[in-house]
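These notes are about the structure you will find just below.
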Amino acid sequence: MKELLRLIYCEFQKLKRRRFIAMSMGAAFLFPIPILFLAIRQAQPFYMLFRMVFIFGEILFLPCVLGILSSMIFLPETENNVLKNLLTIPVSKAKIFLSKCITLMILSIIYCLLELSISIAASCFVGGGLQLTSFLCFSILSGIFMFAASLPIIIFVAAFGENFTISNIVSFIYSVACFSLVYLCLGQGGEALLKSRAAVLPVVTVFKWYLGYFPLESRLEKYMPYLISNAGIMIYMLSFSLILLSLGAVIYQKKEV
């Protein structure tokens, strides 16, 4: 455990020297401000503002951000033969892979908390009570869950990524695909999608959890039968993450350096 913590610490020490990491995290401030003007115009309460921020800032943009960050974390060591040098000390590839994934999960949580902070700053312009503890818990959990939902692209970059351009294009495609699924769920006939096999996909599961976390207006009450509880999504995401992280560790272990 101490060895894993040291590896995570080393990852953050390396990230401190990369300005683009801070720029990527700064993307969390892109969506709350324009959505704020829409919320003011339509006289919406704070939780409605925050829900829109989640849809655009996390469902649409966060998987892409995590894909780009994973490229910056995994690819340089492979391209510059740093990984080969690391393996001269008694550290397994599986632990290196896991430490990088935990680093990405922490960055995902930080991204969501930054998004919450700017949303709270905007809350003085909109109505509705602000239950800080509830929104704080939601942001931390959504950071963890969206990291889990982004594991397929993270593992792709770690195991098969050859260069930044291809990895970032694939990350963008995956992010758009996730958003498109959620958009279809919100559209007319979205219940049919929630009844299909697509309902077991991680991003759709996060969407069902997110809907149940906030009060539902009358037009969204049709989704009530499909909502998932906190306990339900935790069990699902834990199982999903363990399977994919184990698979990713095996693939990364066999990757040639």
Side-chain angles (χ1 to χ4, degrees), residues 1-18 20-21 24-25 61-112 143-178 200-203 205-206 234-257:
M1 185 55 134
K2 288 183 179 179
E3 190 178 66
L4 184 60
L5 291 175
R6 289 195 192 101
L7 288 171
I8 295 170
Y9 174 76
C10 290
E11 289 297 329
F12 277 100
Q13 288 296 105
K14 288 185 288 184
L15 292 179
K16 284 170 60 178
R17 300 192 295 268
R18 299 178 183 174
F20 192 78
I21 297 291
S24 299
M25 301 306 291
F61 210 63
L62 185 52
C64 187
V65 169
L66 290 175
I68 294 171
L69 292 177
S70 61
S71 298
M72 299 179 66
I73 288 175
F74 282 102
L75 295 189
E77 292 183 353
T78 304
E79 292 179 349
N80 301 327
N81 292 324
V82 176
L83 184 58
K84 186 182 292 185
N85 295 331
L86 286 174
L87 295 177
T88 59
I89 59 176
V91 179
S92 68
K93 282 189 189 178
K95 284 186 178 179
I96 294 174
F97 171 78
L98 186 58
S99 68
K100 293 179 184 295
C101 286
I102 293 174
T103 301
L104 285 167
M105 184 181 72
I106 295 171
L107 290 173
S108 179
I109 294 171
I110 292 172
Y111 175 95
C112 293
I144 296 172
F145 296 156
M146 285 308 299
F147 160 77
S150 303
L151 274 174
I153 191 61
I154 292 171
I155 292 173
F156 171 83
V157 172
F160 307 109
E162 296 295 334
N163 58 64
F164 287 96
T165 303
I166 294 175
S167 298
N168 292 342
I169 289 173
V170 174
S171 300
F172 175 76
I173 292 172
Y174 182 80
S175 184
V176 171
C178 288
V200 301
L201 293 174
V203 69
T205 304
V206 173
M234 285 179 183
I235 293 171
Y236 173 89
M237 285 300 181
L238 179 61
S239 303
F240 180 81
S241 299
L242 287 175
I243 292 171
L244 261 69
L245 287 173
S246 300
L247 178 63
V250 171
I251 297 173
Y252 195 73
Q253 187 78 27
K254 295 181 179 179
K255 184 177 181 179
E256 294 184 4
V257 294

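Reckoned from all heavy atoms, side chains included, excluding hydrogens, waters and symmetry mates.
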Is there a side-chain contact (heavy atoms from CB on, under 4.5 Å) between Thr205 and Phe240? Walk through the geometry before answering.
CA-CA 11 Å; Thr205 304; Phe240 180 81; over 6 Å; no
Ser167 side chain vs Phe164 backbone, donor-acceptor pair below 3.5 Å:
no
Measure up the Phe97 and Phe74 rings against each other and bin them: parallel (under 30°), tilted (30 to 60°), perpendicular (over 60°).
tilted
Quick check: do Pro202 and Phe145 have side-chain heavy atoms less than 4.5 Å from each other?
no
Give me the ring orientation class for Phe160 and Phe156: parallel if the planes are under 30° apart, tilted from 30 to 60°, perpendicular past 60°.
tilted
What are the two closest non-hydrogen atoms of Ser241 and Leu151, and how far apart are they?
CA-CD1, 3.8 Å
Start with the C-alpha gap between Leu69 and Leu104, add the side-chain angles, then the distance that decides, and say whether side-chain contact (heavy atoms from CB on, under 4.5 Å) holds.
CA-CA 7 Å; Leu69 292 177; Leu104 285 167; 3.7 Å; yes
Correct closest heavy-atom pair for Val203 and Cys178 would be CG2-CB, 3.8 Å
Using 0.5 Å steps for rounding, measure from the CD1 atom of Ile155 to the OH atom of Tyr252.
12.5 Å
Could you tell me the separation between the CD1 atom of Ile73 and the SG atom of Cys101, rounded to the nearest 0.5 Å?
9.0 Å
Before you tell me yes or no, could you show the steps for Leu62 and Ser108 under side-chain contact (heavy atoms from CB on, under 4.5 Å), namely the whole-Å CA-CA distance, both residues' side-chain angles and the distance that decides it to 0.1 Å?
CA-CA 8 Å; Leu62 185 52; Ser108 179; 3.5 Å; yes
What's the separation between atom CG in Leu7 and atom CD in Glu11, rounded to the nearest 0.5 Å?
7.5 Å
With the side chain counted from C-beta on, respond yes when Leu107 and Phe12 share a heavy-atom pair under 4.5 Å apart, and no when they do not.
yes
Minimum heavy-atom distance Met237-Ala148, with the two atoms named
SD-CB, 3.7 Å
Distance, nearest 0.5 Å, that separates CE of Met105 from CG of Leu98
9.0 Å
Closest heavy-atom pair and its distance - Met146, Pro63
CE-CG, 3.7 Å
Nearest non-hydrogen partners of Ala159 and Ile251, listed with the distance:
CB-CG2, 3.2 Å
CD1 of Ile144 to CE of Met234: how many Å apart, nearest 0.5 Å?
7.5 Å
Distance from Ile154 atom CD1 to Ser150 atom OG, nearest 0.5 Å?
5.5 Å
For the residue pair Ser171 and Gly67, what are the closest heavy atoms and their distance?
OG-CA, 3.2 Å
